[in-house]
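In what follows, a single structure is set out as structure tokens and then discussed.
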Protein chains: 2
Amino acid sequence: MTHSEENYIKGIYHLSEAGAGSVSTTTLATHMETKPSSVTDMIKRLAGKELVNYKKYQGVRLTEQGQLKALQIIRKHRLWETFLVEKLDFNWDEVHEVAEQLEHIKSDMLVDRLDALLDYPDYDPHGDPIPDKDGAFKTRDKKLLANLGPGKSGQCVGVVDSSAAYLKFLDKHGIALGDSITVLEREEFDQSLKIRIGTRNFSVSQRIASNLYVKPIEN
Amino acid sequence: MTHSEENYIKGIYHLSEAGAGSVSTTTLATHMETKPSSVTDMIKRLAGKELVNYKKYQGVRLTEQGQLKALQIIRKHRLWETFLVEKLDFNWDEVHEVAEQLEHIKSDMLVDRLDALLDYPDYDPHGDPIPDKDGAFKTRDKKLLANLGPGKSGQCVGVVDSSAAYLKFLDKHGIALGDSITVLEREEFDQSLKIRIGTRNFSVSQRIASNLYVKPIEN
DNA sequence: TTTTATTTTTAGACAAATCTAAATATTTAT
DNA sequence: ATAAATATTTAGATTTGTCTAAAAATAAAA
Ligand SMILES: [Mn+2]
Ligand SMILES: [Mn+2]
Ligand SMILES: [Mn+2]
Ligand SMILES: [Mn+2]
């Protein structure tokens with residue numbers, strides 16, 4: 001598989017995970033920052049390799065084989081991100097671009113040893129699960145901070161959008177994975193939340209609150 | 001620069017380091033495992049980017065700019081090889097193929113941090129010098145084991161050919177970088193050498209002896 | 001249910017990197 | 001110095017991945 005084929009397979013995986021079932025040509029084109037006609041070409045190549053099922057005008061979906069391939073690339077992406085943060089002191093907003101390249105390195109031994117060096121991590125620096133060799137990964141009981149009721153608490157375990165802009169915003173407000181967050185009050189007017197992290201009380205917009213995953217803490 | 005362009009630049013560097021001055025189309029084609037006609041095409045592209053000087057039928061040589069680029073790729077290659085051996089427990093004969101891919105990853109931060117993680121190594125697992133950011137590297141007083149006179153000793157510091165086959169051969173005979181070798185006797189008939197490493201005495205062929213660099217030890 | 005708008009595909013072109021076969025140039029041998 | 005051998009370049013083709021513009025299919029609106 002070429003880098004481009006791998007990137008498409010990964011793109012299709014992410015889009016069909018979010019939406020339901022088949023992915024449209026235009027949606028994929030937008031995601032891949034390319035033209036629909038290029039997507040049609042690539043889809044045909046991937047269909048020829050039995051990585052996707054494709055019927056004209058009906059969008060595309062991954063085959064079993066394609067799905068496993070996607071998960072293997074995602075595994076590498078997330079292991080490398082973890083490596084960059086844990087071993088090379090990258091910040092969590094600096095890893096994506098480099099991991100986008102590193103995920104294409106072909107060497108089973110390298111992936112295995114990297115996994116061992118990192119002590120077999122279950123989650124990457126953004127809280128996303130790292131699939132194992134067979135594509136299996138742990139799912140976690142998590143909900144959006146935006147959906148956490150007043151008085152309830154949760155531990156910050158992930159982000160919806162892991163763009164550098166959003167991650168830097170979280171850094172700036174001193175919000176990090178692992179933090180315990182308590183919702184003090186919901187402002188009905190703009191759906192913003194008053195929250196407490198440690199001893200600090202402050203307010204976050206609806207936009208922010210619906211980008212942050214928390215694991216509810218019973219109390 | 002594309003992967004292919006980088007590989008060519010590196011190839012030209014290695015060939016002009018060994019031979020003198022300009023590299024012929026055929027020599028480069030053999031080294032790159034491709035056809036002379038493909039080399040001519042690529043050379044023209046590289047000349048257009050001012051990475052090489054090229055006049056028809058006169059071979060090719062790197063410009064200042066091309067040389068620096070070559071050294072930066074070699075730096076990455078050797079840092080990654082060092083990483084694989086030091087941090088991921090690869091054997092020295094297992095690293096080349098993967099480093100051949102990793103050397104193309106584009107990220108200055110990554111290279112700097114990797115260098116720091118490895119504690120700024122001067123030499124790679126094959127004893128080859130690792131250039132710094134500006135392309136400067138340490139040269140070492142070394143000579144071929146084949147040229148070491150009887151009675152003389154040297155410390156093993158590098159190999160000429162770092163192919164897996166040769167490296168495995170050295171492993172099998174318990175010869176590693178850092179070992180002290182004493183030449184006991186030269187067999188004039190086939191130029192083989194009787195040597196001592198530690199407490200072991202044995203004989204190595206001329207072929208082997210002219211593939212191993214030693215730093216002479218005065219005594 | 002036509003008409004209109006949107007989505008998707010096809011057709012044709014292009015750059016990168018390669019190849020084969022043929023044409024030139026250079027080198028070596030006679 | 002001429003011929004033969006070798007090296008190099010050109011011409012034309014192929015694959016991958018992309019693009020634009022036009023055609024065809026599907027979905028939405030009137
Ligand atoms: Mn990628
Ligand atoms: Mn991530
Ligand atoms: Mn390479
Ligand atoms: Mn090396």
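Below, chain A is the first sequence line, B the second, and so on; all start at residue 1.
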Whole-Å distance separating the CD1 atom of B:Ile43 from the C1' atom of D:dT9: 11 Å
In whole angstrom, what separates A:Leu28's CG from C:dT7's P? 15 Å
Using a heavy-atom cut-off of 4.0 Å across all strands, would you classify B:Thr25 as base, sugar-phosphate, or nothing? sugar-phosphate
Give one of base, sugar-phosphate or nothing for B:Lys44, where a contact means two heavy atoms less than 4.0 Å apart. sugar-phosphate
Find the distance A:Glu5:CD to D:dT18:P and express it as a whole number of Å. 10 Å
Can a salt bridge be assigned to the pair A:Glu6 and A:Lys106 using a cut-off of 4.0 Å between side-chain N and carboxylate O? yes
If you draw a 6.0 Å radius around CD in B:Glu64, do more than 12 non-hydrogen atoms from other residues or ligands fall strictly inside? no
Report the relative orientation of the aromatic rings in B:Trp80 and B:Phe83; use parallel for angles under 30°, tilted for 30 to 60°, perpendicular for over 60°. perpendicular
Option from A:His126, A:His96, A:His104 for which ring pair (Phe, Tyr, Trp, His ring centres under 6.0 Å) with A:His77 holds: A:His96
A:His3 atom NE2 is separated from C:dA17 atom C1', nearest whole Å, by 15 Å
Set of residues satisfying side chain to side chain contact (heavy atoms under 4.5 Å, CB included) with respect to B:Leu68, sequence neighbours excluded: B:Gln72
When rounded to whole Å, the CE to C1' distance for the pair B:Met1 and C:dA17 reads 14 Å
Atom pair CG/OG of B:Leu145 and B:Ser210 - distance to nearest 0.5 Å: 9.0 Å
Given protein heavy atoms under 4.0 Å, the one-letter contact record of nucleotides 18-27 of chain C, with B base, S sugar-phosphate only and - none, is simply BBB---BSS-
